[in-house]
Amino acid sequence: MSVRDLLYSAYERQLLRTLRPDQVPAHVGVIVDGNRRWAKGAGGDVTSGYKAGADKIIDFLGWCDDLDVKVVTLWLLSVDNLQRPESEIRALLAVIGSLVDQLTASRRWHVRLIGNLDLLPADLAGSLQETVASTSDVDGMEVNLCVGYGGRQELADAVRSLLREQSEQGRTLDELAEVLDVEHIADHLYTKGQPDPDLVIRTSGEQRLSGFLLWQSVHSEFYFCEALWPAFRRVDFLRAIRSYAERERRFGQ
């Protein structure tokens, strides 16, 4: 181990000592950004960047597990990403499929898919759903993988689902309008039944949400990191947790 590695290890231990269990967020959301830029900088192709990003996700989930985080939501593929060249989309979807296989085979976490899978090839969508269903009985950290996800798409899907539900119950639009409140919509989001994210991390230096968990992040704390996702280190994660722990959350009060 190099001197630099030893120093980082000592720094990680120092950060860990400063964190109390009650300061750890229950739900962490991550925009895993920068895979393509990392590949370019490393002299590789786009696929190598996606693969490195997938490997980092496995590491990251282990770090979260170590801190007893309850829910992790990772944005892997947005609705906008589907406009990229077909060859790139095929490569990304293949990496996502392999990642899902690894996560479910480990039997460590309860894996869920978050997004509009109708936007994916039907055979892939069916395969992914079947694979993650095999973890429904796993009593571990909940891992949401956002695939074909967009914040506006989620809200549109939630309203559509709500309207269909109310119609099936015989209610008119006017009757629904009289009683509609925020909980009606929350009950139809992709993350129904889960706590909202306490902390949202975005890598690669970009300082925007790009539509990630628009509804759920209303009271979230945000942490923007310069590191590209495949280069994101455990010490970067612990710094994000420390930053979160130092903030006073007032929830608008």
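Just so it is clear, the values below take in all heavy atoms, side chains as well, and ignore hydrogens, waters and symmetry mates. None of the values given here were measured: they were computed from a predicted structure.
No donor-acceptor pair closer than 3.5 Å links the side chain of Asn116 to the backbone N or O of Gly148. Judged purely by atom type and a 3.5 angstrom limit, Glu88 has no side-chain atom pairing as donor or acceptor with the backbone of Pro85. Of the possible donor and acceptor atoms, none in the side chain of Thr47 sits under 3.5 Å from a partner among the backbone N and O of Ala91.
Connection of Leu120 to Tyr50 is established within a shared hydrophobic cluster, with ILVMFWY side chains joined at heavy-atom distances below 4.5 Å, either directly or through further cluster members. Cluster annotation: Tyr190 is not connected to Val72 through the hydrophobic network of ILVMFWY side chains, with a link wherever side-chain heavy atoms come within less than 4.5 Å. Under a hydrophobic clustering in which Ile, Leu, Val, Met, Phe, Trp and Tyr are joined whenever their side-chain heavy atoms come within less than 4.5 Å, directly or via other members, Val100 and Tyr149 fall into different clusters. Both Leu99 and Trp229 belong to a single network of hydrophobic side chains, linked directly or stepwise wherever heavy atoms of I, L, V, M, F, W or Y lie under 4.5 Å apart. Cluster annotation: Val200 is not connected to Trp215 through the hydrophobic network of ILVMFWY side chains, with a link wherever side-chain heavy atoms come within less than 4.5 Å.
Residues that satisfy the salt bridge (charged side-chain N to carboxylate O under 4.0 Å, His left out) test with Arg20, not counting sequence neighbours, are Asp22. Applying the side chain to side chain contact (heavy atoms under 4.5 Å, CB included) criterion to Arg108, with sequence neighbours excluded, gives Asp65, Ser106. Qualifying side chain to side chain contact (heavy atoms under 4.5 Å, CB included) partners for Ser210, counting only residues two or more places apart in sequence or in other chains: Trp75, Arg202, Arg208. Annotation: side chain to side chain contact (heavy atoms under 4.5 Å, CB included) contacts of Ala245 (sequence neighbours excluded): Leu19, Gln23. Residues meeting the salt bridge (charged side-chain N to carboxylate O under 4.0 Å, His left out) test with Arg171, sequence neighbours left out: none. Residues satisfying the salt bridge (charged side-chain N to carboxylate O under 4.0 Å, His left out) criterion with Asp157, sequence neighbours excluded, are Arg160. Evaluation of the side chain to side chain contact (heavy atoms under 4.5 Å, CB included) rule for Glu221 yields Leu199, Tyr244, Arg247, Arg249 as partners, not counting sequence neighbours. Partners of Gln102 according to the side chain to side chain donor-acceptor pair (under 3.5 Å) rule, which considers only residues two or more places apart in sequence or in another chain, do not exist here. Glu86 pairs by the side chain to side chain donor-acceptor pair (under 3.5 Å) definition with Arg90, not counting sequence neighbours. With sequence neighbours excluded, the residues that form a salt bridge (charged side-chain N to carboxylate O under 4.0 Å, His left out) with Arg233 are Asp236.
Heavy atoms only, all atoms of each residue included: Pro230 and Gly49 are closest at CG-O, 4.1 Å. The two residues Ser220 and Pro197 have their closest heavy-atom pair at OG-O, 2.6 Å. Shortest non-hydrogen contact noted between Thr73 and Cys146 is CG2-SG, 3.5 Å. Taking every heavy atom of both residues into account, Glu12 and Val235 meet most closely at OE2-N, 3.6 Å. For the pair Gly150 and Val79, the tightest heavy-atom approach, listed with the atom from each and the gap, is N-CG2, 3.7 Å.
Rounded to the nearest 0.5 angstrom, Phe224 CZ and Thr203 OG1 are separated by 11.0 Å. Note: Ser98 OG to Leu93 CG = 12.5 Å, rounded to the nearest 0.5 Å. A distance of 6.5 Å separates CG in Asp196 from OG1 in Thr191, rounded to the nearest 0.5 Å. Taken to the nearest 0.5 Å, the SG atom of Cys225 stands 11.0 Å off from the CG atom of Asp33. Rounded to the nearest 0.5 angstrom, Tyr223 OH and Arg239 CZ are separated by 6.5 Å. Atom NE2 in His110 sits 12.5 Å away from atom CE in Met141 (nearest 0.5 Å).
Asp59 is not listed as a side-chain neighbour of Phe232, based on a closest heavy-atom distance of 4.5 Å or more. Side-chain atoms of Ser217 and Leu209, non-hydrogen and from C-beta on, do get closer than 4.5 Å to each other. Residues Val46 and Arg84 form no side-chain contact, since every pair of their non-hydrogen atoms from C-beta on lies 4.5 Å or further apart. You'll find the side chain of Leu238 reaches within 4.5 Å of the side chain of Leu67, heavy atoms only. In this structure, Ile96 and Leu145 have side chains that are not in contact, with every pair of non-hydrogen atoms separated by 4.5 Å or more. Looking only at side-chain heavy atoms (C-beta outward), Gln129 and Leu113 come within less than 4.5 Å of each other.
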Which donor-acceptor pairs under 3.5 Å do side chains of residues 179-189 form with protein atoms, sequence neighbours excluded?
residue: Asp181; atom: OD1; partner: Glu183; partner atom: N; Å: 3.0
residue: Asp181; atom: OD1; partner: His184; partner atom: N; Å: 3.2
residue: Asp181; atom: OD1; partner: His184; partner atom: ND1; Å: 2.9
residue: His184; atom: ND1; partner: Asp181; partner atom: N; Å: 3.1
residue: His188; atom: ND1; partner: Ser161; partner atom: OG; Å: 2.9
residue: His188; atom: NE2; partner: Glu165; partner atom: OE1; Å: 3.3

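No side-chain donor from either of Thr18 and Arg242 sits under 3.5 Å from a side-chain acceptor of the other.
Within 6.0 Å of CD in Gln169 there are more than 12 heavy atoms belonging to other residues, nucleotides or ligands. Heavy-atom neighbours of Leu173 CG from other residues, nucleotides or ligands within 6.0 Å: at or below the threshold of 12. For CZ of Arg164, the number of neighbouring non-hydrogen atoms (other residues, nucleotides, ligands) closer than 6.0 Å is 12 at most. The local environment of NZ in Lys51 is sparse, with at most 12 non-hydrogen atoms from other residues, nucleotides or ligands closer than 6.0 Å.
Leu228 shares a hydrophobic cluster with Trp38; the chain of contacts runs through ILVMFWY side chains whose heavy atoms sit under 4.5 Å apart.
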Notebook entry, point to check: So Ile57 and Leu76, side-chain contact (heavy atoms from CB on, under 4.5 Å) or not? Walk me through it.
Noted result: CA-CA 10 Å; Ile57 284 172; Leu76 307 185; 3.3 Å; yes
